[in-house]
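The next block holds one structure in the form of structure tokens; read it before the comments.
Computed from a prediction, not measured in an experiment: that's the story for all the values here. Just the heavy atoms: all of them, side chains too, but no hydrogens, waters or symmetry mates, feed the values below.
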Protein chains: 2
Amino acid sequence: MAVTIYDVAKKAGVGIGTVSRVINKSPQITDATKSRVLVAIKALNYQPHTVAQSLARRRTNTIGCIIPFFTGFFYLELLRGIQRTATSLQNDLILYSVDNKSNKEIFLSRVLKERRVDGVLLVSLEIDDDYAEQFSVQHFPIVLVDGDHAVLDSIKVDNIEGARQATNHLIGLGYPTIAMIDGQLKSVPARLRLAGYKQALAEHGRAFDESYFVACDFAEEADGFNKEAGYVAMQRLLDLGDRRPRSVFVSSDIQAIGAMRAIRERSLRIPEDVAVVGFDDIELAEHVGLTTVKQPTTRMGQVAVDRLIAKVTCKPGLDKEFKQKLTTELVIRESCGG
Amino acid sequence: MAVTIYDVAKKAGVGIGTVSRVINKSPQITDATKSRVLVAIKALNYQPHTVAQSLARRRTNTIGCIIPFFTGFFYLELLRGIQRTATSLQNDLILYSVDNKSNKEIFLSRVLKERRVDGVLLVSLEIDDDYAEQFSVQHFPIVLVDGDHAVLDSIKVDNIEGARQATNHLIGLGYPTIAMIDGQLKSVPARLRLAGYKQALAEHGRAFDESYFVACDFAEEADGFNKEAGYVAMQRLLDLGDRRPRSVFVSSDIQAIGAMRAIRERSLRIPEDVAVVGFDDIELAEHVGLTTVKQPTTRMGQVAVDRLIAKVTCKPGLDKEFKQKLTTELVIRESCGG
DNA sequence: TTGAAAGCGCTAACAG
DNA sequence: CTGTTAGCGCTTTCAA
């Protein structure tokens, strides 16, 4: 059996309470006894049993993260930020990954009742009002990452601003016509990005033209944010013939990749014939020279964990709701010319 | 305060032992009392406190995973396999991610002493003999994923066979000359892939030609498995002028991407002028039409977790060492012609 | 300052 | 079959 606090106490000739105190850096300990205990600890190669500590302290020093493993790079980056911050704040990270929506509910209720984690991050997933209510009422720390809910803390990227940046870039470059390819309009980011697009247009006195906007509502996967959807959408735009847009803002890089293929298949050049700007800055984007809007993914993970752990440890000033929006950054490559 | 086993016992009019038994599905319980307890549990919305269970059972039902977050897709895929299998086996997953090598040691010793997880997966990381010894002696379950050590269980991909597949593909296509670009020779996979390459050559009575082999020992990052290294290496091969190889096996897709750029920069075509085959099947590979050797990444995660949890639960027949090699699969796209 | 003792919530051995 | 009790290893009053 492993060495316990009793072994240490005996060896140091003190009570277990004393040992506990030095472990927990209690100030009220003589230097003398403290060092005796420290010596014993070292000699026995003792390390506290985390599970027992958790039980006694009612604190696990662990946070959970409910996250969909659908897509690629975005989640890896995010996870890295989350993991790194958690570790630096002495917390462990339990991963709950969601394949289908029903999983999510299971994890949500487990997390709430099992008390195995001190708080939870919910990533890119919507949360029902009654669950939100439960977390809120039970004061169980939760923060939504890349998502939002009225009564819960959340941190996300400013989609509207990102879309504005992209559109303004195209406007600034002087393109006479700027189309937009969006995801399914039922998805929140899709609507937000559309709003940003419209806003930028309006700010420059340009009219929003229905025929230059195509939402991938026909798509089935990933809310329309996929390669095929982008390909099909671009074809529609190209079918406009000589009325075809001179530039296009595509609401995700992966769709943009599809769109670029559609453009090339008609022997059109990028950006000479049609300029393209994407959104996300996935790995592929760099490779194909796609100008795009980069999300501060790692940072988002970091901020989220900071906030979550602050709540767990009851840092002051946490009652006000926390709704943070991180700003995006335009990464200029070749697909827009200029 | 949350509802405990005592509340349930009282409400059901039984002892806590009985409640515990129905929770743990002990067979020796009358259906009558069992249902009484079940009713109480439902009524109180009771759920066992995981931490308390862990302490009492000396079992956390949690596995740890020490994993480097360096590169992209491979680890995401692997993690997905690991996570999914762990969940299906009722285990939680704690992520310990490593940025630099020293982290690894810290996690290794923490895991060993904190007893917070029942077992651990060590991914793509080397382990010192003395640590290996400790795990072995303490019978602390560990399995190495994408790595190996004499005294520990391991699961990895058959690199030699994969390299053979790639090389044989080129041979089968009738290319007269087949070069190889490898990672740093100090890395294990690099050596293994070289061995497979040589083996395939030998089997077909072809001589290994030094001038057609370039290891990226000059590179600094990622053991030579990076884009720039591939680019530089390919240039050397191209500098051979009209003696330049007709085809090349590149030991990683990411290097292959670099190599392809070098080829195109000299206005050479792929595969008409030089055919290339990669290794890994990263996301980019599909996009650029790179024929490559696909690793069964998700499967590897699954097998590893299965094995680990079998060890944790002391399933029979686990004393013999477990050294599994998963086979690769050639994914044929356009970069080799044929 | 320090030791003793009472939990934390649950499992499991032991009676009955 | 079921209730009681003694831990699991640690934290935290409460006295001394």
Checklist entry - For B/Val14, which contact category applies under a 4.0 Å heavy-atom criterion: base, sugar-phosphate, or nothing? => result sugar-phosphate
Checklist entry - Judged by atom type as modelled, is there a donor-acceptor pair below 3.5 Å linking the side chain of B/Lys325 to the main-chain atoms of B/Ile155? => result no
Item to check | Residues that A/Lys323 engages under salt bridge (Lys or Arg N to Asp or Glu O under 4.0 Å), provided they are two or more places apart | outcome: A/Asp148
Checklist entry - When you check the phosphate oxygens OP1 and OP2 of C/dG3, does a side-chain N or O of A/Thr18 lie under 4.0 Å from one of them? => result yes
Checklist outcome for this item: The residue, B/Ser20 or A/Thr33, whose nearest nucleotide of DNA chain C is more 5′ is A/Thr33
Next on the checklist: Quick check on the helix from C/dT1-D/dA16 to C/dG16-D/dC1: what's the angle between its two end axes, five base pairs per end, to the nearest 10°?
Outcome noted: 40°
Checklist entry - Listed by chain and number, what are the ring pair (Phe, Tyr, Trp, His ring centres under 6.0 Å) partners of B/Phe135, not counting sequence neighbours? => result B/Phe140
Next on the checklist: Just to be sure I understand the geometry, which residues of residues 21-30 of chain B put a non-hydrogen atom under 4.0 Å away from DNA chain D?
Outcome noted: B/Arg21, B/Gln28, B/Ile29, B/Thr30
Checklist entry - Does anything in residues 47-57 of chain A reach DNA chain D, meaning a heavy atom under 4.0 Å, and if so which residues? => result A/Pro48, A/His49, A/Ala52, A/Gln53, A/Ala56, A/Arg57
Item to check | Below 4.0 Å: OP1/OP2 of D/dG7 and any side-chain N or O of A/Tyr6 | outcome: no
Run the side-chain donor-acceptor check on residues 81-88 of chain B: report pairs under 3.5 Å with partners two or more places apart or on a different chain.
unit_1	atom_1	unit_2	atom_2	d
B/Gln83	NE2	B/Thr87	OG1	2.6
B/Thr85	OG1	B/Gly81	O	2.7
B/Thr87	OG1	B/Gln83	O	3.0
B/Ser88	OG	B/Thr85	O	2.9

Item to check | Minimum heavy-atom distance A/Leu93-A/Thr62, with the two atoms named | outcome: N-CG2, 4.5 Å
